[in-house]
Amino acid sequence: MLDRVIHLLPPELKAVLEKLPESAMEHLEEIRIREGRPLELGIRGQSRFAASDGTLRAGSDGAYKPTADICRKLLEKITNHSLYAMEEELKRGFITVAGGHRIGLAGRTILDGGNVRGIRDIGGFNIRIAREVVGSARNLLPKLLDKNRKTVHSTLILAPPQQGKTTIVRDIARSISYGHWGLFENAAGWSGRKVGIVDERSEIAACVRGIPTFDVGPRTDIMDACPKAEGMMMLLRSMSPEVVIADEIGRPEDGEAIREASHAGISVIATAHAYDLQDARGRPVLKQLLEDGTFTYVVELKRTGEGFMHRVVAADLKDKLPPAAREPTAATSKGEQGRTYAGMQRGDAP
Amino acid sequence: MIKLLGAVLILFAGTMIGFQQAARLAARPRQLRQLAHALQRLETEIGYGHTPLPEALERTAEAVPEPLAELFRDTADRVQGPEGLTFRESWEQAMTSGWGLTALRQTEQSVMLRLGSTLGISDKEDQLKHIHLALLQLKAEEDTAREDQSRYEKMWKSLGVLIAVLVVILMV
């Protein structure tokens, strides 16, 4: 994983990270760089501090501390030496670089009439390494199919940050677009569907100059770096998608656009930050959407050491469903890196 | 015979030195004008195009004639090089190594170096302000350079010949 982002790092930092043990490099998910404070790494969901000789430790004592100079160089590199060209990104607090890696920024904000206009004195970076897991939604997708319309039901995917929402939604987009409908036997003859992705954070498709760097399927159109609500309406008007995909909804206008799309006979697959359905109902926009019956299914995601686990729940609030255990989203026999999910129970969607 | 040949050579050399100095004087305001054009181009790329600096510099290099184009192209090459140089370092190295090829002087160089320390590290408005300031300074330099040209260009041309004649007379 490290080799995907190593070109972004200043030489000093590169030297430290190249000394990491092989397994740490392979499972590296996050690099957190804070000026003058210990270098933290996220490895398989766990937090570790790195020393300058590449050893990992749970405590921060003796860890390598990036200097102000290194942070300045890093900022220059990730902004391509052009902070002025990144004003929109700085307003949002993160930069997406080629390959879909998102770099979160923290520092002192500049306010303009009460609104955040940007960040200066940036002292914290979080490099999240994007992963493409082909087939990660293979077990999930068949449960979301709409057999009458030969397409997928409108679905809301819920999970806290870092649990694989984007990875799953990308695989769903790709599968629908290719027409790989998964295990469901009647779906074998279905063709792929036109997919429209509104990729506000450039994370799903990781477009570079409008061309996706991840494989999102042959029937997929992407509105890159576009506000979700506007992007959805633009896609509806211009690209006639059959399935619209949006990441991290939550603003009132997002809800409006999703309602509009679903009334136009389009399936919407959206993700949102929430632990589970109960949690989602606490957010006004999601609550309204769920109550309106815009979504047929809600999927709760959770990442474990074994892979992505999911639970499909009917979104209709009247149905009180018995709680069920989360299941793996990908093939059960053999997962990525050859780990097996055998022994994990598999069942039908409630 | 040899004396005559020597005299002719001295005359030729003196004339050439004079003409060369005059050409430098004439080239300076012209290059200052071109440098101002280059910065205006950069201003447009930053202000309207939001073009990232390395690309903006390459485009600027295409728009101005040599030897100035080399300054910008060299910066763009260095900043994208494998050494991981900061923009400021790349700019400083390019301005120092390529400056000798131009007819420009120390004052302009310090204007450019000052500009280099601010490029790329602030928001758009701030960038445009700094470029504007550099443009004003270059304009002032251009005015003095033009005055120098009108005052000294002819003088250098005749001075070269006259000194050569003096040397020949003293030798004979």
Side-chain angles (χ1 to χ4, degrees), chain A residues 3 5-18 33 35 66-93 95-98 105 107-112 115-123 208-210 224-225, chain B residues 39-61 71-95 112-113 115-134:
Chain A
D3 47 335
V5 291
I6 195 98
H7 64 279
L8 296 170
L9 305 173
E12 296 89 340
L13 213 51
K14 214 187 260 185
V16 174
L17 290 174
E18 272 168 350
I33 297 145
E35 188 178 316
T67 60
D69 192 45
I70 290 177
C71 288
R72 219 186 36 243
K73 279 190 190 170
L74 177 66
L75 182 65
E76 268 208 30
K77 256 204 155 149
I78 58 179
T79 56
N80 196 7
H81 312 277
S82 320
L83 211 53
Y84 59 84
M86 296 283 170
E87 280 168 26
E88 267 312 304
E89 283 88 345
L90 288 180
K91 209 185 280 180
R92 296 183 298 182
I95 295 171
T96 307
V97 295
L105 305 168
R108 188 188 147 92
T109 55
I110 309 166
L111 293 183
D112 188 11
N115 295 321
V116 175
R117 211 188 74 196
I119 310 177
R120 59 170 225 210
D121 306 331
I122 295 169
V208 176
R209 291 173 203 199
D224 189 36
Chain B
L39 289 190
Q40 272 162 3
R41 176 70 194 240
L42 195 61
E43 190 180 8
T44 317
E45 291 289 349
I46 290 175
Y48 299 97
H50 285 252
T51 322
L53 262 186
E55 205 184 321
L57 288 173
E58 276 164 11
R59 289 197 197 165
T60 307
L71 296 176
F72 296 101
R73 203 178 306 118
D74 194 22
T75 313
D77 287 348
R78 281 172 199 266
V79 84
Q80 293 175 94
E83 298 93 352
L85 293 180
T86 62
F87 178 77
R88 186 179 174 169
E89 287 163 352
S90 316
W91 179 271
E92 276 171 9
Q93 288 178 11
M95 291 300 150
M112 291 298 275
L113 289 179
L115 176 65
S117 66
T118 60
L119 277 182
I121 55 167
S122 59
D123 63 5
K124 195 176 83 186
E125 283 151 46
D126 196 51
Q127 296 286 299
L128 296 184
K129 264 183 213 156
H130 282 292
I131 296 180
H132 208 71
L133 181 67

Contact winner vs chain A - B:Leu85, B:Ile46, B:Asp123, heavy-atom pairs under 4.5 Å: B:Ile46
Residues, nucleotides or ligands: over 12 heavy atoms within 6.0 Å of A:His7 NE2: yes
Side chain, backbone, both or neither of A:Pro11 within contact of chain B (heavy atoms, under 4.5 Å): side chain
Proximity breakdown for B:Glu55 and chain A, heavy-atom pairs closer than 4.5 Å: side chain
Shortest non-hydrogen contact between A:Glu87 and B:Lys124, atoms and distance: OE2-N, 2.8 Å
Heavy-atom proximity to chain A below 4.5 Å, by part of B:Thr86: both
Proximal component of B:Ser90, with respect to chain A [non-hydrogen, under 4.5 Å]: neither
Taking every non-hydrogen atom, the tightest pair across B:Ile121 and A:Leu83: O-CD2, 3.5 Å
Spacing of B:Leu53 atom CG and A:Tyr84 atom OH [to the nearest 0.5 Å]: 3.5 Å
Under 4.5 Å from any heavy atom of chain B - which part of A:Arg117: side chain
Point-to-point distance, once rounded to the nearest 0.5 Å, from CD of B:Glu89 to CD of A:Glu76: 8.5 Å
Heavy-atom pair with the smallest gap, counting every atom of A:His81 and B:Pro54: CD2-CG, 4.2 Å
